[in-house]
Number of protein chains: 2
Amino acid sequence: MFDGKFTDASLLKKLVEAIKDSVKLCNFNVNESGLNVQAIDDSRVLLISLLVEPECFHEYRCDRSIVLGLDLESFNKILKQGNNDDYLTLTAEDEPDNLMVVFEDKKKERISEFSLKLMDIDSDVLNIDEMDHDCVITMPSSEFSKIVRDMKTLSESLNIVVTKDSVKFNADGQIGTGSVILKSFTDMENPNESIRIALEKPVDLSFGAKYLNDIAKAATLSSTVSLKLTDKAPALFEFKLPSGHLRYYLAPKFDDEE
Amino acid sequence: MFDGKFTDASLLKKLVEAIKDSVKLCNFNVNESGLNVQAIDDSRVLLISLLVEPECFHEYRCDRSIVLGLDLESFNKILKQGNNDDYLTLTAEDEPDNLMVVFEDKKKERISEFSLKLMDIDSDVLNIDEMDHDCVITMPSSEFSKIVRDMKTLSESLNIVVTKDSVKFNADGQIGTGSVILKSFTDMENPNESIRIALEKPVDLSFGAKYLNDIAKAATLSSTVSLKLTDKAPALFEFKLPSGHLRYYLAPKFDDEE
DNA sequence: AGACGGTCGG
DNA sequence: CCGACCGTCT
């Protein structure tokens, strides 16, 4: 039996909002280490790895591992019905047919209760190797989001070039070209506004703007995002949760498809 | 060679935002007297005349007259990428293929650089006669904007009747009729809130609400707008810039099409 | 149903 | 000046 209660619904609402455009169906795995999702986006390019540790919950209980096969669009319909600051409780039996979703207003004047039918979903078993990266950039997620959104209007492909003290985003399209250079800097007053670059080796990689755009939808989950880049290897875009993370893995484009 | 730098990007952002819905393609002419645009809207009804004098720029240099043929939608995509308070620099060669657009954050930690392809655009050579008007109304542009926006929901045509000490906006449509009367008055504390009427001769004119709506998009550029009206002649709607102006000329509807 | 633009609030 | 929310359009 699984029973998890969030102090407020906003975290889960944002999580599902962030990934529902990439993945229609996926398994939420709950066990003693928390809520875990491993999924590949519908175009089989973007890999999503979510971990919501028990500390994110106000109360968390999960005796044994349970798989919740969810249609995220349906799940989102239900989640949208709760207010951000409602209590949110998820419950499922050991062999569940349904996921129970309960919102409670903090004044306790309203209780909304839903039962969502679960599905059997083939789960790709994903092995994600932890690896070292040539460089790690940490920047405000809102800034990442704006760059991706803006540059997407110029080109389908976004090139990222990192040097010791700067990261440059380039787009080259029909109507013209554009680049944004961010210099590494530390904002003492608002540390989350800082641009941090930890570089082992300079990188020059290009990514599909569509996928970066899907990734940028997670920007509301954390004030910063880390871009972990390695030459000729999938990049990792990481949003830290209060306890846990939402990670996206995206392979760069090769030279001949840029 | 043309090189113009704005202390902040907001002026040009607002200008292009204001006219892009009326004109898709137009020539920006730069020369020693500033940036000049003469254009007719795509439905060939509304005439737009923009003058941004060198004083609007922080730095301005233009040796000889250069024509920049712009797709305003593309230009706007680029301008949207800069923040309002960024420095904005425009640069072009003497026989330019591209317009360079550079935004710099005032903290200098971010530089965004764009190259926009230019186009050859047939320019209507427009001769606009300076003329006297039967009356000149000056009013807050936000108030003008609200009246136009609201009245457009009632009718496709907006009638303006000016007397010595009042201006009346009338709409007559399917669901009913409406009118807004503004009395001439002077607000000592906030002069821009005043309604001023300088009247040679009373006027009673009607205009297409659609075009007034396009004109009203310029309201963000200036806290006041002047309506210069003459019987049976094109009206002039003028927004003053820090140094220069954005003017719209619009012919009134004739009696039989009101 | 999703995306874009505009408006309102912090 | 920036971000979030609501409404409209595709």
Side-chain angles (χ1 to χ4, degrees), chain A residues 8-11 13-14 16-25 41-43 71-86 139-154 156 187 189-190 192-193 209-225 239, chain B residues 6-14 16-22 24 72-88 103-107 109-110 112 141-150 152-153 210 213-221 223:
Chain A
D8 56 51
S10 62
L11 177 62
K13 280 164 63 84
K14 286 176 185 170
V16 173
E17 190 69 45
I19 64 179
K20 75 167 181 12
D21 295 325
S22 307
V23 188
K24 194 163 159 29
L25 308 174
D41 87 299
D42 296 337
S43 59
D71 175 331
L72 292 184
E73 186 181 327
S74 304
F75 193 24
N76 193 238
K77 281 182 184 170
I78 288 171
L79 290 176
K80 279 164 77 171
Q81 305 198 30
N83 295 318
N84 284 331
D85 60 349
D86 284 351
M139 60 187 288
S141 55
S142 59
E143 194 154 0
F144 174 72
S145 179
K146 178 169 168 57
I147 290 170
V148 167
R149 196 172 353 106
D150 289 345
M151 296 301 243
K152 184 168 59 76
T153 67
L154 298 183
E156 291 177 0
D187 188 324
E189 292 182 10
N190 307 297
N192 289 338
E193 293 298 310
K210 172 193 186 307
Y211 301 106
L212 293 177
N213 196 239
D214 286 339
I215 292 168
K217 295 198 168 90
T220 53
L221 283 160
S222 170
S223 57
T224 64
V225 59
F239 299 86
Chain B
F6 293 97
T7 305
D8 56 52
S10 62
L11 176 63
L12 191 64
K13 277 164 67 84
K14 287 176 185 170
V16 173
E17 191 68 43
I19 63 179
K20 78 169 187 350
D21 294 325
S22 307
K24 193 163 161 30
L72 292 184
E73 186 182 330
S74 301
F75 194 26
N76 194 237
K77 279 183 185 172
I78 287 171
L79 291 176
K80 279 166 73 173
Q81 306 200 30
N83 294 320
N84 286 329
D85 59 349
D86 285 348
Y87 294 111
L88 166 56
F103 298 99
E104 291 167 84
D105 189 281
K106 291 208 164 107
K107 289 180 301 188
E109 305 299 352
R110 178 176 47 76
S112 308
S141 54
S142 59
E143 195 154 1
F144 174 70
S145 178
K146 178 167 170 55
I147 290 169
V148 168
R149 198 170 353 108
D150 291 345
K152 182 168 59 77
T153 67
K210 173 195 185 309
N213 196 239
D214 286 339
I215 293 168
K217 297 201 166 88
T220 53
L221 284 160
S223 57

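Chain naming here is simple, since letters A, B, ... match the order of the sequence lines and numbering starts at 1 in each. Hydrogens, waters and symmetry mates are skipped; everything else that's a heavy atom, side chains included, is used.
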Problem - Nearest listed nucleotide, side chain of B:N83, among C:dG6, D:dC2, C:dA1 - result: D:dC2
Completion exercise
Across all chains, not counting sequence neighbours, the salt bridge (Lys or Arg N to Asp or Glu O under 4.0 Å) partners of B:K24 are B:D71, B:E73
Practice task
Name the nucleic acid region contacted by B:K217, choosing base, sugar-phosphate or nothing; use a 4.0 angstrom heavy-atom cut-off, strictly under.
Solution key: nothing
Fill in the blank from the handout: Per atom distances to the B:D85 side chain, the nearest of C:dG2, D:dG3, D:dC1 is D:dC1
Exercise for the section: Starting from P on C:dA1, measure out to CD on A:E17 and report it in whole angstrom. Expected result: 13 Å
Fill in the blank from the handout: By salt bridge (Lys or Arg N to Asp or Glu O under 4.0 Å), B:E109 pairs with (sequence neighbours left out) none
Handout entry: Six-ring centre of A:F75, A:K20 cation under 6.0 angstrom, axis tolerance 45°
Key = no
Exercise for the section: Return the value, rounded to whole Å, for the distance between atom CG of B:N84 and atom P of D:dC1. Expected result: 6 Å
Practice task
Grab the CZ-P distance between B:R110 and D:dC1 for me, whole Å please.
Solution key: 14 Å
Handout entry: Between C:dA1 (C1') and A:D71 (CG): distance, integer Å
Key = 13 Å
Handout entry: Distance, rounded to the nearest Å, where A:D21 contributes CG and C:dC4 contributes C1'
Key = 15 Å
Practice task
Give the rounded distance in Å between these two atoms: CG of B:L11 and P of D:dC1.
Solution key: 13 Å
Practice task
Using a 4.0 Å heavy-atom cut-off across all strands, classify B:K80 as base, sugar-phosphate, or nothing.
Solution key: sugar-phosphate
